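Keep in mind the model is a prediction, meaning the values are calculated, not measured. Letters A, B, ... are given to chains in the order of the sequence lines, protein chains preceding strands, and every chain is numbered from 1.
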There are 2 protein chains.
Amino acid sequence: MTDLKAMKATINDVAKLAGVSIKTVSRVTNNETGVRQSTKEKVQQAIDQLKYQPNQSARSLAGTKSYVIGFVYDNPNAYYVIDMQQGILDACRANHYELLIHPINSKSENLLDELVEMVKHSRMSGLLLTPPLSEMTDIIQSLEEKGIKLVRILSGNANSKVTTPSVFVDDRSAAFQITQHLIEQGHQKIAFFGGDEEHNSSQERRQGYIDALTQANIKIESGLMLAGRYSFESGVESCKRVMSGVSKPSAIFACNDEIAAGALFSARLLGLDVPKDVAIAGFEDNPFSRQTWPKLTTAAQPTQEIASQAAELLFKNLRPSTQGDSTEQFISFQPQLVIRESTQS
Amino acid sequence: MTDLKAMKATINDVAKLAGVSIKTVSRVTNNETGVRQSTKEKVQQAIDQLKYQPNQSARSLAGTKSYVIGFVYDNPNAYYVIDMQQGILDACRANHYELLIHPINSKSENLLDELVEMVKHSRMSGLLLTPPLSEMTDIIQSLEEKGIKLVRILSGNANSKVTTPSVFVDDRSAAFQITQHLIEQGHQKIAFFGGDEEHNSSQERRQGYIDALTQANIKIESGLMLAGRYSFESGVESCKRVMSGVSKPSAIFACNDEIAAGALFSARLLGLDVPKDVAIAGFEDNPFSRQTWPKLTTAAQPTQEIASQAAELLFKNLRPSTQGDSTEQFISFQPQLVIRESTQS
DNA sequence: GTATAATATGACAACGCTGTCAATATAAAT
DNA sequence: ATTTATATTGACAGCGTTGTCATATTATAC
């Protein structure tokens, strides 16, 4: 049983026990090159024996690195954020980094200053960004110009011309699959309920929808493509609107599960049976997509895994030894189609 | 516009500009006593002019305080966690503290060691605990014995005999109100769907339910009080069970919204109309309680505010000057009844 | 006006680590 | 065996603060 009062082992203790200088211990803990294998083992043994863990404060005070990264987000989807945090935290623990979370308002006036101030004040050595922040190219560029290391997580694919290390989620292809699934179920009139336009994901998902319809030779009806926001209310609204229009859809592809849940709610109000009268599909696999009635067909992304890999990518770019080397700066993920009752008649 | 490269002002710069020693600057930034008013002003002016901010790493390396607190949780409800984080973060920003989040598995074998190790490693000066951790008295006690400052957030009321600073949420009284509301709607046979027993909240809510029935002279039927977990599936299960029993309820009080959503789902499967055939109430005001059909009656708690106040309480106990003084160590919150369609016929 | 107590300030050594550069050990080349 | 290049290791000075203790200044009492 560890006792708080019991002095923590320091680098000096390890050095003494291993019979080397503290600098050598430092080399081992930092995985630096130029330490003989036998020495490394000797030191590692002492580290294990004393359960030595470097003091982060001393580290960041003495060195130029800080072992602290920041996770910046502005996302109302709590499950997404929590999963991201968990994934990042896992990677942080494995790499002896600490995580500072930083929810922000991406519409803030002086967003850039706020971020720079935060990085400076908390001595963060890098930042992980999610949409919509990760898609604001001007902010990204300014941040990089100031020498802040970044990894973006966003909707899209690696064909991008930017150089910022990024983790892409191929929403377009997943949206294509969902739409295709709807078509396979015999639907010809399929509506699309969009999310916030400032999120790239909304555009990507719409493009996937359009691609699928095009490939199936189904005419794109602009009256069936509604703009909206990523919210339950928006789904309610869009459903009400489209169902009172001239051209009524037999299926709806909502840009995320919340919109889909709203559409579901609205359809019921209108006396429509789901999926008999209208099939509804969502996106994201929000936990409550399994708790609606009927359960929602959707696209699932391995959020935690995405987060871990994004963090690992950041760490790689933070290590001077591997900097500028051949580390692949782009990672891609493919969401998975999850078919449930809301689209199966 | 701040530039990252621009050297940050240090205590030395401030001292030089103010014409005092660095120690005096330190005294001012730490609000220590024994600095002449005129000197203090002189120093403060220099601080403002240079936009000086103490370096946290140096601070925690040199001193005994660390300006870092930890938020420890093991809660599947993402919305609750996010709200807690936001509230704590607000308080942290106002008090120049940093927050390290730490999701854990409260069933872990060596939970205590893990926590102590974390506190030591990250040099946290205090911890904020939520259920179920905040209700594990043995862990709490061991932590306090090791000199770790704590603030608990939990279900209950301030009559507790413990001395650990705590923020209470009076679930019992809110559950009483919900049950009373159900009774007022004419229900006599009201079922209770419990949550995880290791959460004090489940017991508190059940007690509120029992108290309300007792006061209304309604017989408590043990067959209507089901044990369960805080999950959608548990709600489905409980509903199926109670509806296939001898004594069928006309109303259900579910221990939280997730259970209620499951009950709702299950009722529909059984061909029951809500609220006509059976009224359903939840607890917590989870966002999706507004996204079910019909919307759920529930009890709402100001999670963010609770979190902020808990953090403030911790900070007060961390400040040596106010330590042991007359700061009230217990804060209470009252959840608010929210009546929606699921209980209104 | 002087002795004494109280108050205000400063000098300086930690804190635990990394960066720099010099010193040493080992391998390679002659 | 020597010299030279290379791989390994160590000594030591910071990093920006706070804690301790000594010193200087001011207020109080006689």
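- Side chains of A:His96 and A:Gln53 form a contact here, defined as non-hydrogen atoms less than 4.5 Å apart.
- Put simply, the side chain of B:Ile88 does not reach to within 4.5 Å of the side chain of B:Asp90, judged on heavy atoms.
- Rounded to 10 degrees, the angle separating the terminal helix axes of the helix from C:dG1-D:dC30 to C:dT30-D:dA1, each built from five base pairs, is 30°.
- Checking B:Thr303, B:Ile331, B:Thr130, B:Leu313 one by one against B:Ile153, the side-chain contact (heavy atoms from CB on, under 4.5 Å) holds for a single residue, B:Thr130.
- Regarding contacts with the backbone of C:dG10, a side-chain N or O of B:Thr24 is found under 4.0 angstrom from either OP1 or OP2.
- For the contact set between residues 35-45 of chain A and DNA chain D, defined by any heavy atom under 4.0 Å, the members are A:Val35, A:Arg36, A:Thr39.
- Summarising the local packing, CD of A:Glu144 is surrounded by more than 12 heavy atoms from other residues, nucleotides or ligands at distances under 6.0 Å.
- In summary, the side chains of B:Ser122 and A:Gln56 do not present any donor paired with an acceptor at a separation below 3.5 Å, with no hydrogens or angles considered.
- Distance, B:Asn31 CG to D:dT18 P: 12 Å, rounded to whole Å.
- No hydrogens or angles considered: a donor-acceptor pair under 3.5 Å links the side chains of A:Ser166 and A:Arg152.
- Ring geometry for A:Phe315 against A:Tyr97 counts as parallel: the plane angle stays under 30°, on a 0 to 90° scale with 60° as the upper cut.
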Test B:Val81 against B:Gln85 for side chain to side chain contact (heavy atoms under 4.5 Å, CB included), laying out the working first. CA-CA 6 Å; B:Val81 174; B:Gln85 288 181 353; 3.7 Å; yes
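- Side-chain contact of B:Glu41 with B:Gln37: a donor-acceptor pair under 3.5 Å is present, judged by distance alone.
- Side-chain contact of B:Glu305 with B:Gln309: a donor-acceptor pair under 3.5 Å is present, judged by distance alone.
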Listed pairs, N/O of protein and of nucleotides 17-24 of chain C, under 3.5 Å:
from, atom 1, to, atom 2, distance (Å)
C:dC17, OP1, A:Tyr52, OH, 2.5
C:dC17, OP1, A:Asn55, N, 3.2
C:dC17, OP2, A:Ile11, N, 2.3
C:dT18, OP1, A:Asn30, OD1, 3.3
C:dT18, OP1, A:Asn30, ND2, 3.0
C:dT18, OP1, A:Arg59, NE, 3.0
C:dT18, OP2, A:Ser26, OG, 2.5
C:dG19, N7, A:Lys23, NZ, 2.7

